[in-house]
4 protein chains.
Amino acid sequence: MPNKTFFHLTDEKRRRIVDAALQEFAAHSFNEASINRIIKHADIPKGSFYQYFKNKEDLYLYFLDEVSKEFTDPLLHEKEMYPDATFFEVIQHVNREVLKLKNIKPEYIEARMRMELDNNEFIRNIRKKSTEKYIKLIERDKARGIIKPDADAEILVDMIASFSLNERYRNKSGVEEYLRKLDIVLNIIKEGVAVAGDT
Amino acid sequence: MPNKTFFHLTDEKRRRIVDAALQEFAAHSFNEASINRIIKHADIPKGSFYQYFKNKEDLYLYFLDEVSKEFTDPLLHEKEMYPDATFFEVIQHVNREVLKLKNIKPEYIEARMRMELDNNEFIRNIRKKSTEKYIKLIERDKARGIIKPDADAEILVDMIASFSLNERYRNKSGVEEYLRKLDIVLNIIKEGVAVAGDT
Amino acid sequence: MPNKTFFHLTDEKRRRIVDAALQEFAAHSFNEASINRIIKHADIPKGSFYQYFKNKEDLYLYFLDEVSKEFTDPLLHEKEMYPDATFFEVIQHVNREVLKLKNIKPEYIEARMRMELDNNEFIRNIRKKSTEKYIKLIERDKARGIIKPDADAEILVDMIASFSLNERYRNKSGVEEYLRKLDIVLNIIKEGVAVAGDT
Amino acid sequence: MPNKTFFHLTDEKRRRIVDAALQEFAAHSFNEASINRIIKHADIPKGSFYQYFKNKEDLYLYFLDEVSKEFTDPLLHEKEMYPDATFFEVIQHVNREVLKLKNIKPEYIEARMRMELDNNEFIRNIRKKSTEKYIKLIERDKARGIIKPDADAEILVDMIASFSLNERYRNKSGVEEYLRKLDIVLNIIKEGVAVAGDT
DNA sequence: TATGAATGAGGATTCATTCAT
DNA sequence: CATGAATGAATCCTCATTCAT
């Protein structure tokens, strides 16, 4: 929702602004984020900033949109590349695609984690949309006899999502480390850890 | 680390201060938290505040300490009550004890979630200590033939911890709802969701 | 004093600009008035505005001129239609003409009231010119033996003018209400309110 | 409604602040008034200002209160000194008292005039209260056979009030000049200006 | 002539902390 | 010990005007 002026800027200038915003929103919550720091970092005058964006919230929403694309775009597109993949395969595939190919900056994870706290409507929507996609995959797998029919799909997605964010943010795992752990988690979820016959 | 003066206060006054801090730190991050609001809420003079605490950080660290007790104390104590319980039983038991008996205010969850972001050294320590306790339980269960010997204990704890916080904060589940979901999660982790023979 | 470019605009565009100015100057004093809001309201580019007017003051003076016409034009013209009317009849007639026929927007009154405060030279001139016209009428009525020869003409005009503006602005009287009260005021001024023999 | 801190200040400092506010609110409307100018003029730090007043409105309301006292206090008290005075005598008396004895600064008139425009609820209340006092006096004079029973009391008060403010603000009459004109106005209202038998 | 991007000064307000009483 | 007054830096945001295209 920036002003159209913003989109008429040179790519370089626009990139400076988005970068400055990323850096700021990665390190600070919405309230703490400082327009002053952003413009200083982006090296633009204060007046200009307010020509591009209506206010801090305007920048934030635009930023959320950009970040969310980074996270959900791959999901939406890649999934169709493997029409017969199981839920677990899609999770693995999407994670590998996004992390290995796109080289997501760690600041995105920081910012993403902060968004959880804001519990912004915008973010809730993105999360919901993404969750629904995965739930459908699970239901399909149930129908195909791959996942137990009484498994709670929503809880499954929540387990993976919360572990994923937690691991990448808190443990600051590198890509390889994270993907390795994700495989282990998926395996636990598939097979369980209890010794057979011990329930 | 408050001044000793603080501990000489009447219980009622001290409680007012801690309550005001809880309310503030539940709603705001460290930087956003306002001493002005806290003293107004606790109804103490500004000068007094700085007699009790060196500065905002001093209050914060003390507050973290108090909050963490709320979460870890039960773990440390209760666990010994059931010396033969499995890891899963202890998780369930501790959760039930803490949530049902102690009636933890939702503000604690909010504050707890914020602490994740701060990634404060203090908090990291608390988390580490708690994790270690659980890992030991898992190792014991492996030795007892209850948990598969090649299961990754740390990841197990992380899965449960991240789901737990996520569920209580983001989904704002009530106690019953949360305990119900936790049971499902534990079951998934124990048994897996894959249809047998499908691996 | 706008640029001649302004007068070459289509009537519609010019009207949009004057309307936007009216709305702005009715709600805000000169300093508070925002060119930004005016151009947004008039839907013209900022660059264009500064092509038509030198600056905010330029627009303001032009606007004052337009507004004053609304108020003084009728006076100047209508008076001659009834060459033998008394001062009081002219007052009544002009008020009726202006208010009933021309349907003056309430914004004009708001703007007019604001001008009082500005005490702008421009406005002072308009007021002076109008006052002089009325004083002449009073002097003629004195000569005709209709008004007491020792009545202070200037004060008379001031009484009516101040009541008139006050009533329309502050009490926000509708046209009928205002005309009714004006008649009462004129009657008081003519006849007095003291009970005869009581002086 | 300033903070009690404000009233603990030395008289000199408090006076500096009130003076600075008077000067500012005489020259500028509420919106235009600048806290920056006020504190510079009063020579106090910005932080201090906000310790005394909650915000600009807080200062404004306090200021209105002070100004209104200047105008209405005399009315309320003096009236009772002459229990049998007529409405006209009270008007004259109060005006003389206030203007001659209290030496009201011209800035008060400027500020008072601006308040008219703001049409603030606070001001409306003060005006209403004052109007009611006078209307009662008029009704008493009607009962005493001094004022014509069909005279419209409210309009009478409005005529005098609007002339009074107008004369003092716009014409910037000095005290003597104003009182002289007020007498003329009162006389016109009492006796009328029409030559007898001419209605 | 039409346009809209650039700009920095100025606006109100909040804040954590110090210090004198 | 208790108190609360003092402070200036930092916050977001609006503005009128200029100028290059």
Side-chain angles (χ1 to χ4, degrees), chain A residues 3-10 13 28 30-40 44-59, chain B residues 3-6 8-9 13 30-39 44-59, chain C residues 3-6 8-9 13 30-39 44-59, chain D residues 3-10 13 28 30-40 44-59:
Chain A
N3 195 299
K4 70 178 155 52
T5 309
F6 177 69
F7 296 108
H8 293 348
L9 296 178
T10 61
K13 197 167 188 176
H28 305 277
F30 174 77
N31 286 325
E32 284 169 329
S34 157
I35 298 285
N36 279 359
R37 279 191 298 251
I38 291 175
I39 62 171
K40 192 178 293 179
I44 57 168
K46 191 173 290 196
S48 295
F49 176 86
Y50 282 95
Q51 201 121 48
Y52 308 146
F53 300 94
K54 212 163 3 147
N55 48 32
K56 186 159 71 159
E57 194 183 4
D58 196 24
L59 168 66
Chain B
N3 193 300
K4 70 179 156 55
T5 314
F6 177 70
H8 292 346
L9 296 178
K13 197 168 188 175
F30 175 76
N31 286 323
E32 285 169 327
S34 156
I35 297 286
N36 281 355
R37 278 191 299 252
I38 290 175
I39 63 165
I44 58 167
K46 187 172 284 196
S48 296
F49 177 87
Y50 282 92
Q51 204 106 47
Y52 308 146
F53 300 94
K54 203 156 20 130
N55 50 29
K56 186 159 72 160
E57 194 184 3
D58 196 24
L59 167 67
Chain C
N3 193 300
K4 71 183 157 56
T5 313
F6 177 69
H8 292 347
L9 295 177
K13 198 168 187 177
F30 175 76
N31 285 325
E32 286 168 328
S34 157
I35 296 286
N36 281 356
R37 278 192 298 252
I38 290 175
I39 62 165
I44 58 167
K46 188 173 283 197
S48 296
F49 177 86
Y50 282 92
Q51 204 105 46
Y52 308 147
F53 300 94
K54 202 153 24 127
N55 50 29
K56 186 159 70 160
E57 194 186 3
D58 196 24
L59 167 66
Chain D
N3 195 298
K4 70 177 156 49
T5 310
F6 177 70
F7 296 109
H8 293 349
L9 296 179
T10 60
K13 197 169 189 173
H28 305 278
F30 175 77
N31 285 325
E32 285 170 328
S34 157
I35 298 284
N36 280 359
R37 277 191 299 251
I38 290 175
I39 62 171
K40 192 179 293 178
I44 58 168
K46 193 174 287 200
S48 295
F49 176 86
Y50 282 94
Q51 202 119 44
Y52 308 146
F53 299 94
K54 213 165 359 150
N55 49 31
K56 186 159 70 160
E57 194 184 2
D58 197 24
L59 168 66

Categorize D:Leu9 for me: base, sugar-phosphate, or nothing, with a 4.0 angstrom heavy-atom threshold over every strand shown. sugar-phosphate
Checking all strands, does D:Phe6 fall into the base, sugar-phosphate, or nothing category for heavy-atom contacts under 4.0 angstrom? nothing
[atom1]/[X] to [atom2]/[Y] distance, rounded to the nearest 0.5 angstrom?
| X | Y | atom1 | atom2 | answer |
| --- | --- | --- | --- | --- |
| A:Tyr52 | A:Ile44 | OH | CD1 | 5.5 Å |
| A:Asn31 | B:Glu32 | CG | CD | 4.0 Å |
| D:Phe30 | D:Lys56 | CZ | NZ | 5.0 Å |
| B:His8 | B:Lys13 | NE2 | NZ | 13.5 Å |

Atom-pair distance ([atom1] on [X]; [atom2] on [N]), nearest Å:
| X | N | atom1 | atom2 | answer |
| --- | --- | --- | --- | --- |
| D:Lys40 | F:dG8 | NZ | C1' | 15 Å |
| D:Phe53 | E:dT14 | CZ | P | 15 Å |
| D:Tyr52 | E:dT14 | OH | P | 17 Å |
| B:Asn3 | F:dC1 | CG | C1' | 10 Å |
| C:Ile44 | E:dA2 | CD1 | P | 10 Å |
| D:His8 | E:dA20 | NE2 | P | 20 Å |
| B:Asp58 | E:dA16 | CG | P | 15 Å |
| C:Ile39 | E:dA2 | CD1 | P | 15 Å |

Qualifying residues under side chain to side chain donor-acceptor pair (under 3.5 Å), relative to D:Ser34, sequence neighbours excluded: none
Counting only side-chain N and O atoms of C:Thr5, is one of them less than 4.0 Å from OP1 or OP2 of E:dT1? yes
By side-chain contact (heavy atoms from CB on, under 4.5 Å), which residues pair with [X], not counting sequence neighbours?
| X | result |
| --- | --- |
| B:Asn55 | B:Glu57, B:Asp58 |
| A:Leu59 | A:Ala21, A:Phe25, A:Ile38, A:Phe49, A:Phe53 |
| D:Tyr50 | D:Ile35, D:Lys46 |

A correct dot-bracket answer for DNA chain F, with pairs being Watson-Crick or G-U at under 3.5 Å, [ ] for crossing pairs and | for inter-strand pairs, is .||||||||||||||||||||
Under 3.5 Å, N/O pairs linking protein and nucleotides 14-18 of chain F:
| residue | atom | partner | partner atom | Å |
| --- | --- | --- | --- | --- |
| F:dA16 | OP1 | C:Ala33 | O | 2.8 |
| F:dA16 | OP1 | C:Ile35 | N | 3.1 |
| F:dA16 | OP2 | C:Ile35 | N | 3.0 |
| F:dA16 | OP2 | C:Asn36 | N | 3.4 |
| F:dT17 | OP2 | C:Tyr50 | OH | 3.1 |
| F:dT17 | OP2 | C:Lys56 | N | 3.1 |
| F:dT17 | O4 | C:Lys46 | NZ | 3.1 |

